[in-house]
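In this text the structure is predicted, and so the values were computed from the model without any measurement. By convention in this document, chain letters (A, B, ...) are assigned in the order of the sequence lines, proteins followed by strands, and residues within each chain are numbered from 1.
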Protein chains: 2
Amino acid sequence: MKPLGLNELRARQLGLLTHDEAVAFIRSDSDVSKSEGLSPHGRIKLQCNGATVYASLYQVTSDLIDHNEIGLSEYAWTKLGLTGPQPVTVSSAPPLQSMTHVRAKMFGEALSTEPAAEIVRDIVAGRFSDIQLSSFVAACASPVLTAAETIAMTKAMVETGKRLVWPAGKIYDKHCIGGLPGNRTTPIVVAIVTCFGLTMPKTSSRAITSPAGTADTMETLTNVAMDMAAMRRVVETTGGCFVWGDSVGFSPADTSVIRIERALNLDVDGLLVASVLSKKIAAGATHVVIDMPVGPTAKMRNLASAAHLSDLFRQVAGAFDLEVRTIITDGRQPVGRGIGPALEAEDILSVLDTQPHELSDLAEKSCVLAGALLEMAGICAEGAGADLAGTALRDGRARRKFEEICTAQGGFKTPPVAQFSRPIRAVRSGRVISMNNRMIARVAKLAGAPDDASAGVRLAVRLGDRVKQGDTLFTLVSGTRGKIAYAMNYVAESPFIVEIS
Amino acid sequence: MKPLGLNELRARQLGLLTHDEAVAFIRSDSDVSKSEGLSPHGRIKLQCNGATVYASLYQVTSDLIDHNEIGLSEYAWTKLGLTGPQPVTVSSAPPLQSMTHVRAKMFGEALSTEPAAEIVRDIVAGRFSDIQLSSFVAACASPVLTAAETIAMTKAMVETGKRLVWPAGKIYDKHCIGGLPGNRTTPIVVAIVTCFGLTMPKTSSRAITSPAGTADTMETLTNVAMDMAAMRRVVETTGGCFVWGDSVGFSPADTSVIRIERALNLDVDGLLVASVLSKKIAAGATHVVIDMPVGPTAKMRNLASAAHLSDLFRQVAGAFDLEVRTIITDGRQPVGRGIGPALEAEDILSVLDTQPHELSDLAEKSCVLAGALLEMAGICAEGAGADLAGTALRDGRARRKFEEICTAQGGFKTPPVAQFSRPIRAVRSGRVISMNNRMIARVAKLAGAPDDASAGVRLAVRLGDRVKQGDTLFTLVSGTRGKIAYAMNYVAESPFIVEIS
């Protein structure tokens, strides 16, 4: 092993999951702690293999860590490109200059383009601690980001990431602001609009806190992990794609900011708009439709806040020559019947196979969103889009297009089917008066989704349905018996997942 | 060992220093992680021995932690009253209700008494994560806390801690807003004003980030760790005391808030005022003088901000029938010659032994502060206090009173003297035009202060002094040769600690 130099410690992988915050552990009585004057929970700068990482420091007084070691979280380990006990150079992190702009924003100064860029660059470089990031998010809530400030943030977020340029002049995209389980319209929308010649190179994410992301669902049907060259070939031949886009590197500041907003249970409209639009702009989109579900347990709770957000989307998009249409949708209950990767994939296939009675909500909603894109493209008159989209479902064109894209991506797969299931029955007769999106998502996760792609929840009822005592309300589905039990425990103590009058 | 029940894990002490944030480590694939649906860096609730602790969770994928174990930081370990591998009950922390008030404050609602109380109670209970605390501090900066809001915070901070009542009707106290090394006026002020019959039951803190707190300095001269009964006896017989007050438990929310402000490099006037006054009110003070040093490397950088802070102190104090006098002092350089516990103790003894020429700044400043208290007490006319205070120094009364208090506290000790020292000399001739308080504090800490009570810096020059090349500017002092070397390394690369024109 290479001997340690001054201010060097030997890297040790701790297997610690800390999201995108780098965390390091050093003995409080190590020479480096003393010579650098490090303090508990201070910020340190780590250098190795030409990479630099800023980390939050925990000092250790026990034998958990040796005197010449530095314990590293997985994020820090990966960022430093470590493969073994290599020497890491440790020093106190210099003061974070862009915090000056955060403080100025708190004290009422408008966040202009260059300060926003400095902040976002430092966030992307990992220079912000979670404590500092939280103060930045709070500063964006108060005084609340104006349209001009949101434009500055959007620009900064685009510029810190990768950016795509497509040969087609017009690139179509869609986005859902989230919070609704089973709302898996994206693959259907792509299949429909590409039938009409639109280009829609869709990249999607995996689940962060939900039971399934579009990438998780599509992975049960085809290969979604593709590099840029492969993705371009698929789009060239089919007009669309269903690709896992997290690794593409659009708007990298986004992940950290969203994580802090979630911890604070704070939605800052300006940050949401900057996050969504920066990713769309980076992906090369020119026309975007945005699905905004509104409901008591959705992300948007009422129409007034949806209208405000919608306005901000339009103002900011305008500054980037991006055409945006926001569509307020029903967020009072999940969309479709399945919650979980494979269960949602089955819903998608059912819609494409035109079984309108069972799946009217998912089919209809997909047609509304696809229709908006067709109208924006001038393929049909305003108001005629949803009907036109429906024709592509009914005549099987969308189904064939879907298979064509899957084949181009490496082949069509059949989603896995779970081995275990358990129905949850109504304890009394009556009408279904509410469905709690958050609780339903939690149940699906306890059943194993998304890691177990076959797991989740299959809903048997919808709002307004009349049920008799003993009727199935929903079914727990899982690849392991133990997880059915975990989910059951939660269901047993949560009477209001599906509420009956 | 007691077998583990449902949702129980075996406690393991990790020896992790995390200030007052509880941190826990659990295997991501443990049954508890799965059944509780825990996510990386989520918040969990720990219960053991009748105590409840809220902790930030790090999930571990390696063998660092066993499947049935929970690794705990020192703070969590102590708060749970653990002594060994006892079972700890683990669950997801419920949402923090008082964050509703934090968000409301961000969105422009005034922070009124009951919401402030709920927030402060939750901070004291450790329910706030660092991320949430940071958003609260940011919310107090924007919109900036008004006098009314500061009063609400002060009230909440008083009510969550212990509170003292003294038989004497009037209780005198002093406070320095900090940032100035060597500014050890407190023991001298206590010795002077108690000569005139004032009651001043002074509790002081140990160093947090500075090279010495008053408690560290006084510990080199007498016993400072006393319980309330012993402290009362000393005050009854002598009128004053020099006691380490951190463990008394005044205003316990304070520590967490100050730590976050430091991490953000953000001074929120309202939080500073609430912090200082809540502790004084809890300690039973009725008359307080506040030392506000102003200088480029002090906490207050200019007179305008000092004036604003001074106003806020007076408005808030008025709401609690507390008489406050703020005194703006020279913060351009350290006070006295010694920086570090024993070195500052020597300065104090020199002042009490009336060696006015060498230590005129510390003696004069102590007289100004003591004089203000004498004036507030009506012992002398306005403007005559400093002179009157000086008489007690010159005629030896203050020295005798100081020894009387030390004797009542358990005896007078001689401060330790360091074995190693090294002079730092002027590299050129000229006039001393600036002294950097922060860098001087850093050097003293690198030399070993405050853990090594004998260590620190002894200044040989003051602002405006003419020096010749090779003259000693200051001397590094330490009990260990290695720490002299650490401090020297820093001095060698920091040319502007003492700047010569």
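With a 4.5 Å cut-off on non-hydrogen atoms, Asp130(B) touches chain A through its backbone and its side chain both. Looking at Asp63(B), neither its backbone nor its side chain comes within 4.5 Å of chain A, counting heavy atoms on both sides. Proximity to chain B (any heavy atom under 4.5 Å) is shown, for Pro143(A), by both the backbone and the side chain. At a 4.5 Å heavy-atom cutoff, the contact between Leu264(A) and chain B is made by backbone and side-chain atoms alike. Residue contact with chain A, scored on non-hydrogen atoms closer than 4.5 Å, involves the side chain of Met99(B) exclusively. Interface remark: Arg442(A) contributes side-chain atoms only to the contact with chain B (heavy atom separation under 4.5 Å). Both the backbone and the side chain of Val60(B) come within contact range of chain A, each with at least one heavy atom under 4.5 Å from a heavy atom of that chain. Heavy-atom distances place both the backbone and the side chain of Ser135(A) under 4.5 Å from chain B. Of the atoms belonging to Val23(B), it is side-chain heavy atoms, and not backbone ones, that fall under 4.5 Å from chain A.
With sequence neighbours left out, Phe25(B) forms a ring-ring contact (aromatic ring centres under 6.0 Å, His included) with Phe25(A), Tyr58(B).
Counting heavy-atom pairs closer than 4.5 Å to chain B, the top-ranked of the candidates Glu21(A), Arg103(A), Lys445(A) is Arg103(A). With respect to chain B, the highest number of heavy-atom pairs below 4.5 Å among Ile260(A), Thr61(A), Val144(A) belongs to Thr61(A). Ranking Ala485(A), Ala487(A), Gly448(A), Ala141(A) against chain B, the residue ahead of the rest is Ala141(A), based on heavy-atom pairs under 4.5 Å. Most heavy-atom pairs under 4.5 Å with chain B: of the set Arg259(A), Gln132(A), Arg262(A), this distinction falls to Gln132(A). No other option in Ala138(B), Ser62(B), Ser134(B) has as many heavy-atom pairs under 4.5 Å with chain A as Ser134(B).
Interface with chain B: from residues 11-18 of chain A, residues Arg12(A), Leu14(A), Gly15(A), Leu16(A), Leu17(A), Thr18(A) qualify, criterion being any non-hydrogen pair under 4.5 Å.
Interatomic distance, Asn7(B) CG to Asn489(A) CG, rounded to the nearest 0.5 Å: 9.0 Å.
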Candidate pair Val137(A) and Ile131(B), rule side chain to side chain contact (heavy atoms under 4.5 Å, CB included), full reasoning: CA-CA 10 Å; Val137(A) 169; Ile131(B) 290 174; over 6 Å; no

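Under the 4.5 Å side-chain criterion, counting only non-hydrogen atoms from C-beta, Leu266(B) is not in contact with Val102(A).
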